[in-house]
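Take a look at the structure set out below.
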Amino acid sequence: MAKIFQVSARAGMTRVVEPIARALLRAGVTPNAVTVAGTVGVLVGALGFGARGHLVAGALIVTLFALTDLLDGTMARMSGGSTKFGAFLDSSMDRVADSAVFGAVAYWLATQSNYSGVAAALVCLAAGSLVSYVKARAEGLGMTCNVGIAERTERLLIVGVGGILTGVGVDPALEIALWLLAAVSIFTVGQRMTHVYRQAQQLQPDGQA
C-alpha cells in the first residue's frame, strides 16, 4: 500500500542528504554517533521546548533532528551496510525519541487541562510503539512487514504540524492532529497484523489450523 510519503519524495531527500553523509564519513563521524546525536536533539526539542509550551521551536527542532534517521541510514549504506548493533541502536533510540515527543506533548496538554488531548497523546504513544513492535516481531520470525500508512516519519510530521499550528494560535490543531494520528496508527497496526497473518497462513504446513 502507498505511504503518505511517496518513494519519489524520499528519493529526492536522499539526494540532498548524501553529500552531508559523505562529508561526515570523511570527517570520521560514525553512523552510530549520528543516531545518538539525533536522539539527543529530539530530547532537547521535546523536553526542553515542547513540554514548556514552546511548541513551534520544539516542533522545528524535533523535525530537524528526526531527519538524522535518513542521514545515519545513508551513512551506513555508504560505509558498507548497517551492523547488527547499529540497527539495534537505531531502533532503540527511535523508541526513546518517540517516548520523549509524546510524553512532552501529554505533559504540556495536562498543564492546559486538555485531558482529551492527553488521552490522544497516550494512545499515539502506545499505538506507535505497537506499530514498530509488530514489524520487529514479524521480521524476527522471518516474515516481512513493510506496509502501513503511518510509519515513524509520517507520525512525527503529523504531530509536528499540529504543534506548529497550535503554537501560532490555532488552538485545537494539536489535539485534532493527535486524534488523527491515533486513528491512523491503530489502522496501521491492523494493516501490519493482517499482512503478517496472510504470510503465516501461506507458510503454514497443509493440514494445520
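Only this structure's heavy atoms are used, side chains among them; waters, hydrogens and symmetry mates stay out. Numbers here are sequence positions counted from 1.
Judged by distance alone, with hydrogens and angles left aside, the side-chain atoms of Arg192 form no donor-acceptor pair with the main-chain N or O of Thr188 at under 3.5 Å. In this structure a side-chain-to-backbone donor-acceptor pair under 3.5 Å is present from Ser79 to Ala76. Arg77 contributes no side-chain N or O that, together with a main-chain N or O of Gly73, makes up a donor-acceptor pair within less than 3.5 Å. In this structure, the side chain of Thr166 engages the main chain of Leu174 through a donor-acceptor pair within 3.5 Å. Checking side-chain atoms of Gln191 against main-chain N and O of Ile149 turns up a donor-acceptor pair under 3.5 Å.
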*Passes side-chain contact (heavy atoms from CB on, under 4.5 Å), Tyr107 versus Leu47? Steps please.*
CA-CA 10 Å; Tyr107 173 82; Leu47 303 178; over 6 Å; no
_Pair Leu55-Val105, side-chain contact (heavy atoms from CB on, under 4.5 Å): steps then yes or no_ = CA-CA 9 Å; Leu55 301 182; Val105 168; over 6 Å; no
_Using the rule given for side-chain contact (heavy atoms from CB on, under 4.5 Å), can you reason through Leu89 versus Thr83, listing the C-alpha separation, both sets of side-chain angles and the distance that settles it, and then say yes or no?_
CA-CA 10 Å; Leu89 179 67; Thr83 64; over 6 Å; no
_Determine whether Arg155 and Cys124 satisfy the following criterion, side-chain contact (heavy atoms from CB on, under 4.5 Å), listing intermediate values before the conclusion._
CA-CA 9 Å; Arg155 296 197 302 271; Cys124 289; over 6 Å; no
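Hydrophobic clustering keeps Val170 apart from Ile176 (ILVMFWY residues linked when any side-chain heavy atoms are closer than 4.5 Å, directly or through intermediates). Cluster membership for Leu60 and Val168, using ILVMFWY side-chain heavy atoms within less than 4.5 angstrom, is shared. Cluster annotation: Trp179 is not connected to Val131 through the hydrophobic network of ILVMFWY side chains, with a link wherever side-chain heavy atoms come within less than 4.5 Å. Under a hydrophobic-cluster definition in which Ile, Leu, Val, Met, Phe, Trp and Tyr are linked whenever side-chain heavy atoms come within less than 4.5 Å, directly or via other members, Val134 and Val123 are assigned to different clusters. Placement of Ile158 and Leu130 in two distinct hydrophobic clusters is found when ILVMFWY residues are connected by side-chain heavy-atom separations under 4.5 Å, directly or transitively.
The minimum heavy-atom distance between Val16 and Pro19, with the atom names listed, is O-CD, 3.2 Å. A pairwise comparison of heavy atoms in Ala138 and Cys145 identifies CB-CB, 4.0 Å as the closest pair.
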Just distance, no hydrogens or angles: give the donor-acceptor pairs under 3.5 Å from side chains in residues 62-70, sequence neighbours left out.
{"unit_1": "Thr63", "atom_1": "OG1", "unit_2": "Ala59", "atom_2": "O", "d": "2.8"}
{"unit_1": "Thr68", "atom_1": "OG1", "unit_2": "Phe65", "atom_2": "O", "d": "2.5"}
{"unit_1": "Asp69", "atom_1": "OD2", "unit_2": "Arg152", "atom_2": "NH1", "d": "2.8"}

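Under the side-chain contact (heavy atoms from CB on, under 4.5 Å) criterion, Leu24 pairs with Ile20, Val29, Val34, Leu71, Met75, sequence neighbours left out.
Residues Val44 and Phe49 are in side-chain contact: their nearest non-hydrogen atoms beyond the backbone lie under 4.5 Å apart.
No more than 12 heavy-atom neighbours from other residues, nucleotides or ligands sit within 6.0 angstrom of CE on Met193.
Interatomic distance, Met93 CE to Phe88 CZ, rounded to the nearest 0.5 Å: 8.0 Å.
Side-chain contact, Gln199 with His195: a donor N or O sits under 3.5 Å from an acceptor N or O.
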